[in-house]
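To start, the structure under review is shown below, and the notes come after it.
Throughout, residue positions are numbered sequentially from 1 according to the sequence presented.
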Amino acid sequence: MLQKYIPCVNEHIIAKKWGGSDSLNNIANACSGCNGHKHDRIKGLDEETNEIVPLFNPRTNTWTEHFGWSKNYLTIIGFTPIGRVTINFLKMNRPLLINLRTILILSGEHPKEN
């Protein structure tokens, strides 16, 4: 769904700077804005627990374990330290994405049933 509306890029889950490879196990499709905010980060501070935790890894983590939607489906909520840090670092609730989600809700394209 996202690829129809926002340019996406193939990004390294673990940046090469930190030993990540070019293998498909280390590549994920990401919105270019989120990827730009992530940069080469692989972990961060969860302000709720004061722990340093890894960012969400789509190859090893399950989305529904770490994230959910607000009641109006406009913002992503982090359930775990990994979820909260990822939302914060990638700025997953920035105004552009809130606006896009609003349009997708009005057009019946969001949320998708699992």
Seminar exercise, completed: So CG of Leu96 and SG of Cys31: to nearest 0.5 Å the spacing works out to 7.5 Å
Exercise. Hey, does the side chain of Asn88 reach the backbone of Arg84 with a donor-acceptor pair shorter than 3.5 angstrom?
Worked result: no
Exercise. Okay, side chain of Thr75, backbone of Asn93: is any donor-acceptor separation there less than 3.5 Å?
Worked result: no
Exercise. Nearest heavy-atom pair of Val85 and Leu55: which atoms, and what distance?
Worked result: CG1-CD2, 3.4 Å
Exercise. Does Val53 share a hydrophobic cluster with Ile76, counting links as ILVMFWY side-chain heavy atoms below 4.5 Å and allowing steps through other members?
Worked result: yes
Exercise. Mind checking whether Ile77 and Phe89 sit in one hydrophobic cluster, side chains of I, L, V, M, F, W, Y counted as touching below 4.5 Å?
Worked result: no
Exercise. Should we count OH of Tyr73 as having more than 12 external heavy atoms under 6.0 Å?
Worked result: no
Exercise. Can a salt bridge be assigned to the pair Asp22 and Lys16 using a cut-off of 4.0 Å between side-chain N and carboxylate O?
Worked result: yes
Exercise. Quick one: are Glu11 and Ile27 in side-chain contact, heavy atoms under 4.5 Å?
Worked result: no
Seminar exercise, completed: Heavy-atom closest pair (Ala15 atom, Ile42 atom, distance to 0.1 Å) is N-CG2, 4.1 Å
Exercise. Closest approach of Asn35 and Ala30, non-hydrogen atoms and distance?
Worked result: CB-CB, 4.3 Å
Exercise. Taking only residues two or more places apart in sequence, or in another chain, which ones meet Lys43 in a side chain to side chain donor-acceptor pair (under 3.5 Å)?
Worked result: none
Problem set entry | Any side-chain heavy-atom pair of Thr86 and Phe67 under 4.5 Å | yes
Exercise. Do Ser23 and Asn25 have a side chain donor and acceptor closer than 3.5 Å?
Worked result: no
Exercise. Can you name the residues that form a ring-ring contact (aromatic ring centres under 6.0 Å, His included) with His66, not counting sequence neighbours?
Worked result: Phe56
Exercise. Taking the six-membered ring for Trp, are Trp63 and Trp69 parallel (under 30°), tilted (30 to 60°) or perpendicular (over 60°)?
Worked result: tilted
For this session: Please answer whether the main-chain N or O of His12 pairs with a side-chain N or O of Asn26 as donor and acceptor at a distance below 3.5 Å.
Result: no
Exercise. Would you call Ile82 and Pro54 a side-chain contact if the rule is heavy atoms closer than 4.5 Å?
Worked result: yes
Exercise. Are Met92 and Leu104 co-members of a hydrophobic cluster defined by side-chain heavy atoms under 4.5 Å apart?
Worked result: no
For this session: For Arg41 and Leu90, indicate whether the former's side chain and the latter's backbone hold a donor-acceptor pair under 3.5 Å.
Result: no
Exercise. Under the 4.5 Å side-chain heavy-atom rule for ILVMFWY, direct or indirect, which residues accompany Leu106?
Worked result: none
Exercise. When you measure from the side chain of Thr80 to the backbone N and O of Gly83, does any donor-acceptor pair fall under 3.5 Å?
Worked result: yes
For this session: Please determine, by modelled atom types, if Asp46 and Thr49 share a side-chain donor-acceptor pair under 3.5 angstrom.
Result: yes
For this session: Could you tell me which residues satisfy side-chain contact (heavy atoms from CB on, under 4.5 Å) with Asn99, sequence neighbours excluded, listed by chain and number?
Result: none
Seminar exercise, completed: In this structure, SG of Cys34 is separated from CG of Leu97 (nearest 0.5 Å) by 5.5 Å
Exercise. In the hydrophobic clustering that connects Ile, Leu, Val, Met, Phe, Trp and Tyr at side-chain heavy-atom distances below 4.5 Å, which members other than Leu45 occupy its cluster, ordered by chain and number?
Worked result: Ile52
Exercise. When clusters are formed from ILVMFWY side-chain contacts under 4.5 Å, directly or step by step, what else is grouped with Val9?
Worked result: none
For this session: Using modelled atom types only, decide if a donor and an acceptor are shared between the side chain of Arg101 and the backbone of Ile98 within a distance under 3.5 Å.
Result: no
